[in-house]
Asker: 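So that we are looking at the same thing, I have put the structure below in structure tokens.
Keep in mind that the numbers below use all heavy atoms, side chains included, and drop hydrogens, waters and symmetry copies.
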Amino acid sequence: MLRAYRSSEVREAEKPLLEQGVPLMERASFAVATAAVRELRSRGHLVTGSQVLVLAGGGNNGADALYAGAYLAARGASVEIVRASDSVHAEALATAKESGCALVDSGKDGILKAARRAGLWIDGLAGIGVRPPLTERLSSLVTLLEEERIAAPDEPIVIAVDCPTGIGVDDGALVGPVLTATVTVTMGAPKPGLIAPPASRVCGRVEVADIGLWFTGEPAVATLSGSDVADLLRVPGPADHKYTRGVVLLGTGSDSFPGAAVLTVGGALGAGPGMVRLDSPEVAGLVLRRYPEVVTGLGRAQAVVLGSGVPATETERLQAPLDRALEEKYPVVLDAGALELVKTEYTDLPSTVVLTPHAGELAELLSARGEGITRQDVEAAPIRAVRLASTITGATIVLKGASDVIAGPDGPVYSQPARSHWRAVAGAGDVYAGLLGALLASAGEDLARSGRGYGKPALIAAAASWIHAEAAHSDGPIRAMDIVDGIPAAIASALHD
């Protein structure tokens, strides 16, 4: 599991080491310099003679960048420094100068000339304590550099110290100009913005430098790996039968959208439950022709999936199975049309109810609950949006996108990236709903007995996102049914990770 911690938690972890005199800055700057050397060599360049530009702001990140520049200058690189703050670390600046680094004219022309000379930039303009929006001076500099980076015929390597300048370090938001990184060298542990969208998209490859920090608390944001998913999967044993392996009931599909039932059933069956029930008489024949093992009609189930392919005008049919599941405390997935029920009628839900909106649907839900939030607001700061939605509804929220962002009322936020953006196709969300329902069914009895989720629905939803992303991994175009077909292999991959 990749664990990300807030900037305040990182500073707390640094305190005892700093009191003991541990040279954290030396370790951090050496890690940045090492990453720079590796990037240069990977492109066939020698360090000696390479042109490097150090972008130094105030604070520790600026100091790390300056010391890294000094290391590179000592190895023969030609290093220039843009001093972007009046409070640049004096000792680090002196060390850089003594090593042969040269200060650049801080005017626009001087900065542009230095930027164009350098094939590698070290971004130490802002520390993890800086919150967007940037100051006018820094914003203008970042805009200038980013425009130059994009326009350069031979795009420079950009090494970000701890975080790219301009991102929301703790919430992953993008609210102004950002200097996009090739590589981000982060100290001790990732910060939320490095693994959560949209900021994660401008971080490049994230490398964690071990500088000796130790964290004992729960992470703010986490990303599951295959081995984490394997720990959550319930592999059947000799004493199992179809009821102990989990039964999932689907109220999906309609005359308007019959394919949604086929896709949710396919997603559920791919996860290996003991049984899939379908309570959608109008599409049962279509589904049975594809999946004859499906049992039609209501009956015993340990999880329920409702709404995929059901128009908002037909949600009345979903209320009875939802009421029954809530009364019996079994987990429920509410997708697509079923989200209408949460706007006005079912306003206080347990965390065992999982809502699976995309950005537009989440904005509509929050607006219906009195929050003036647009789709653009959700896309700009998804961590905030899912946390808010979970607090307001009580439910677990899965915000579907290029990276799925998942939050419950307790526990960390999970950010699960797509392995391939080819998965952004019609029907992919239906497959996810069925897959998630089957995984929840395997834990349904335990969740019903506890009466609360205690963070487990969010964890299972993150596992479903990992499986879905793995099943959708492709070098070319795919259909939603390709994701269905890939689920068993994705689960096998996790079990053998």
Asker: Would you compute the distance between atom CD1 of Ile195 and atom OG1 of Thr184 and round it to the nearest 0.5 angstrom?
Answerer: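 It is 12.5 Å, given to the nearest 0.5 Å.
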
Asker: So which atom in Val305 and which in Gly437 form the shortest heavy-atom distance, rounded to 0.1 Å?
Answerer: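 Result for this residue pair: CG2-CA, 3.5 Å.
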
Asker: Could you pull out all residues at least two apart from Asp231 that satisfy side chain to side chain donor-acceptor pair (under 3.5 Å)?
Answerer: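 With sequence neighbours excluded, Asp231 shows a side chain to side chain donor-acceptor pair (under 3.5 Å) to no residue whatsoever.
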
Asker: Keeping the roles fixed (side chain from Ser420, backbone from Ser474), state whether a donor-acceptor pair exists under 3.5 Å.
Answerer: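 Side chain of Ser420 to backbone of Ser474: a pair is present.
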
Asker: If we only count heavy atoms from C-beta on, is the Arg27 to Val22 side-chain gap below 4.5 Å?
Answerer: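 Yes; the side chains approach each other to less than 4.5 Å.
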
Asker: Where is the tightest heavy-atom contact between Ser415 and Val221, given as atom of each residue plus distance?
Answerer: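 Closest pair (atom of Ser415, atom of Val221, distance): CB-CG1, 4.1 Å.
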
Asker: Tell me if a side-chain donor or acceptor on His496 pairs with a main-chain N or O of Ala492 at a distance below 3.5 Å.
Answerer: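 Yes.
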
Asker: Can a donor-acceptor pair be found, under 3.5 Å and without considering hydrogens, that links the side chain of Asp228 to the backbone of Met1?
Answerer: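 Side chain of Asp228 to backbone of Met1, a donor-acceptor pair under 3.5 Å: yes, one is there.
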
Asker: Go through the structure and list residues passing side chain to side chain donor-acceptor pair (under 3.5 Å) with Thr216, not counting sequence neighbours.
Answerer: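 Scan of Thr216 (side chain to side chain donor-acceptor pair (under 3.5 Å), adjacent residues dropped) gives none.
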
Asker: To the nearest 0.5 Å, how far apart are CZ in Arg6 and CD in Glu12?
Answerer: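 The CD atom of Glu12 is 13.0 Å from CZ of Arg6, to the nearest 0.5 Å.
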
Asker: Specify the closest pair of heavy atoms between Leu72 and Ala33, including all atoms of both residues, with the distance to one decimal.
Answerer: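 Smallest heavy-atom distance, with atoms named: CD2-O, 3.9 Å.
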
Asker: Which residues pass the ring pair (Phe, Tyr, Trp, His ring centres under 6.0 Å) test with Tyr67, sequence neighbours left out?
Answerer: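 None.
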
Asker: Looking at CG of Leu365 and CD of Glu371, how far apart are the two atoms once the value is rounded to the nearest 0.5 Å?
Answerer: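 Taking CG in Leu365 and CD in Glu371, the distance rounds to 10.0 Å.
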
Asker: Val52 versus Ile122: any side-chain heavy-atom pair under 4.5 Å?
Answerer: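 The answer is yes, as the side chains (C-beta and beyond) meet within the 4.5 Å cut-off.
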
Asker: Are side-chain heavy atoms of Glu470 and Ser493 found at a separation under 4.5 Å?
Answerer: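 Contact flag for Glu470/Ser493 side chains = yes.
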
Asker: My understanding is that only residues two or more places apart in sequence, or in another chain, count here; which of them pass ring pair (Phe, Tyr, Trp, His ring centres under 6.0 Å) with Phe215?
Answerer: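 With neighbours one apart ignored, the set is Tyr5.
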
Asker: Keeping Ser351 on the side-chain end and Gly453 on the backbone end, is there a donor-acceptor pair under 3.5 Å?
Answerer: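 Here the side-chain-to-backbone pair exists.
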
Asker: Between the main-chain N or O of Ala461 and the side-chain N or O of Ser465, is there a donor-acceptor pair closer than 3.5 Å?
Answerer: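 Yes: the side chain of Ser465 pairs with the backbone of Ala461.
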
Asker: Got a donor-acceptor contact below 3.5 angstrom from the His358 side chain to the Gly429 backbone?
Answerer: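 No, because the side chain of His358 does not come within donor-acceptor range (under 3.5 Å) of the backbone of Gly429.
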
Asker: As a quick check of understanding, evaluate salt bridge (Lys or Arg N to Asp or Glu O under 4.0 Å) for Arg423 and Asp404, giving each step before the final call.
Answerer: CA-CA 12 Å; Arg423 81 165 177 171; Asp404 294 336; 3.5 Å; yes

Asker: Pairs in or reaching into residues 107-118: which pass side chain to side chain donor-acceptor pair (under 3.5 Å), with residues at least two apart or in two chains?
Answerer: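 Every side chain to side chain donor-acceptor pair (under 3.5 Å) pair that includes a residue of residues 107-118, provided the two are not neighbours, is Glu80-Arg117, Arg116-Glu148.
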
Asker: Tell me, which pairs form a side chain to side chain donor-acceptor pair (under 3.5 Å) where one or both residues lie in residues 136-147, sequence neighbours left out?
Answerer: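 Residue pairs with at least one partner in residues 136-147: Glu146-Arg149, Glu146-Thr180.
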
Asker: Is there a side-chain contact between Val333 and Val398 (heavy atoms, below 4.5 Å)?
Answerer: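 When only atoms from C-beta onward are counted, Val398 and Val333 do not touch, as no gap falls below 4.5 Å.
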
Asker: Please list all pairs meeting ring-ring contact (aromatic ring centres under 6.0 Å, His included) that have one or both residues in residues 369-389, counting only residues at least two apart or in different chains.
Answerer: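 Non-adjacent pairs meeting ring-ring contact (aromatic ring centres under 6.0 Å, His included): zero.
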
Asker: Under the side chain to side chain donor-acceptor pair (under 3.5 Å) rule, what do Ser29 and Asp64 come out as? Steps first, then yes or no, please.
Answerer: CA-CA 5 Å; Ser29 57; Asp64 292 341; 5.3 Å; no

Asker: Which residue, Val405, Asp335, Ile406, forms the side chain to side chain contact (heavy atoms under 4.5 Å, CB included) with Lys400?
Answerer: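 Testing each of Val405, Asp335, Ile406 against Lys400, the sole residue satisfying side chain to side chain contact (heavy atoms under 4.5 Å, CB included) is Asp335.
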
Asker: Just by modelled atom types, is the Gln416 backbone N or O under 3.5 Å from a matching donor or acceptor in the Thr223 side chain?
Answerer: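 No; judged by distance alone, with no hydrogens or angles, the pair does not exist.
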
Asker: Mind jotting down which residue pairs meet the ring-ring contact (aromatic ring centres under 6.0 Å, His included) criterion with at least one end in residues 380-429? Sequence neighbours excluded, please.
Answerer: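 Output for this query is empty, none listed.
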
Asker: Between Glu364 and Arg375 (salt bridge meaning N to carboxylate O under 4.0 Å), is one present in this structure?
Answerer: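 No.
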
Asker: Hey, does the side chain of Ser99 reach the backbone of Thr95 with a donor-acceptor pair shorter than 3.5 angstrom?
Answerer: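 Confirmed, Ser99 side chain pairs with Thr95 backbone.
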
Asker: Kindly indicate whether the side chain of Thr347, heavy atoms from C-beta on, has any atom under 4.5 Å from the side chain of Val342.
Answerer: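 Thr347 vs Val342: side chains apart.
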
Asker: I need the full list of ring-ring contact (aromatic ring centres under 6.0 Å, His included) pairs touching residues 17-47, with sequence neighbours left out, sorted by first then second residue.
Answerer: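 The answer is Phe30-Tyr71.
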
Asker: Are Val161 and Val185 packed together at the side-chain level, in the sense that at least one heavy-atom pair is separated by less than 4.5 angstrom?
Answerer: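 Result no, sub-4.5 Å side-chain heavy-atom pair not found.
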
Asker: Determine whether Val431 and Thr264 make a side-chain contact, defined as any pair of heavy atoms from C-beta on separated by less than 4.5 Å.
Answerer: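 No; the side chains remain at least 4.5 Å from each other.
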
Asker: Quick one: pull up CE in Met187 and CE in Met25 and give me the separation to the nearest 0.5 Å.
Answerer: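 That separation rounds to 10.0 Å.
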
Asker: Keeping Asp377 on the side-chain end and Thr374 on the backbone end, is there a donor-acceptor pair under 3.5 Å?
Answerer: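 Confirmed, Asp377 side chain pairs with Thr374 backbone.
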
Asker: Side chain of Asp410, backbone of Gly455: donor and acceptor closer than 3.5 Å?
Answerer: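 It does hold such a pair.
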
Asker: With rounding to the nearest 0.5 Å, note down the distance linking OG in Ser85 to CG in Leu138.
Answerer: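 That separation rounds to 9.0 Å.
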
Asker: How about CZ on Arg41, more than 12 heavy atoms from neighbouring residues, nucleotides or ligands closer than 6.0 Å, or not?
Answerer: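 Not buried by this count: 12 neighbours or fewer within 6.0 Å.
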
Asker: Scan the side chains in residues 388-395 for donor-acceptor partners under 3.5 Å anywhere in the protein, sequence neighbours excluded, and list what turns up.
Answerer:
from	atom 1	to	atom 2	distance (Å)
Ser390	OG	Ala395	O	2.8
Ser390	OG	Gly408	O	3.4
Thr391	OG1	Arg387	O	2.9
Thr393	OG1	Ala389	O	2.8
Thr393	OG1	Ala395	N	3.1

Asker: How about Asn60: does its CG atom have over 12 heavy atoms from other parts shown lying under 6.0 Å from it?
Answerer: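 At most 12 heavy atoms, drawn from other residues, nucleotides or ligands, come within 6.0 Å of this atom.
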
Asker: If you measure from CG on Leu53 to CH2 on Trp121, what distance do you get to the nearest 0.5 Å?
Answerer: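 If we round to the nearest 0.5 Å, Leu53:CG and Trp121:CH2 are 7.0 Å apart.
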
Asker: Is Lys191 salt-bridged to Asp170, cutoff N-O under 4.0 Å?
Answerer: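 The answer is no: the pair does not qualify as a salt bridge.
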
Asker: Looking at side-chain heavy atoms only, is the closest gap between Arg479 and Val425 below 4.5 Å?
Answerer: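 Side-chain contact under 4.5 Å: no.
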
Asker: Please name all residues satisfying ring pair (Phe, Tyr, Trp, His ring centres under 6.0 Å) with His89, sequence neighbours left out, ordered by chain then number.
Answerer: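 Applying ring pair (Phe, Tyr, Trp, His ring centres under 6.0 Å) to His89 gives none.
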
Asker: Might you point out which heavy atoms bring Val178 and Val142 nearest each other, and give the distance in Å?
Answerer: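 Looking at all heavy atoms of both residues, the closest pair is C-CG1, 3.6 Å.
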
Asker: Determine the minimum heavy-atom distance between Val104 and Gly110, stating which atoms define it.
Answerer: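 Where Val104 meets Gly110 most closely, the heavy atoms are CG1-O, 3.4 Å.
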
Asker: Of all the heavy-atom pairs spanning Val413 and Ala407, show the shortest one and how long it is.
Answerer: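 Scanning both residues completely, I find the closest heavy atoms to be CG2-CB, 4.0 Å.
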
Asker: I'd like a table of donor-acceptor pairs (distance under 3.5 Å, sequence neighbours excluded) in which one partner is a side-chain atom from residues 199-214, with atom names and distances.
Answerer:
from	atom 1	to	atom 2	distance (Å)
Ser200	OG	Ala196	O	3.3
Arg205	NE	Glu207	OE2	3.3
Arg205	NH2	Glu39	OE2	2.6
Arg205	NH2	Glu207	OE2	2.8
Glu207	OE1	Arg38	NH2	2.5
Glu207	OE2	Arg38	NH2	3.0
Asp210	OD1	Gly212	N	3.1

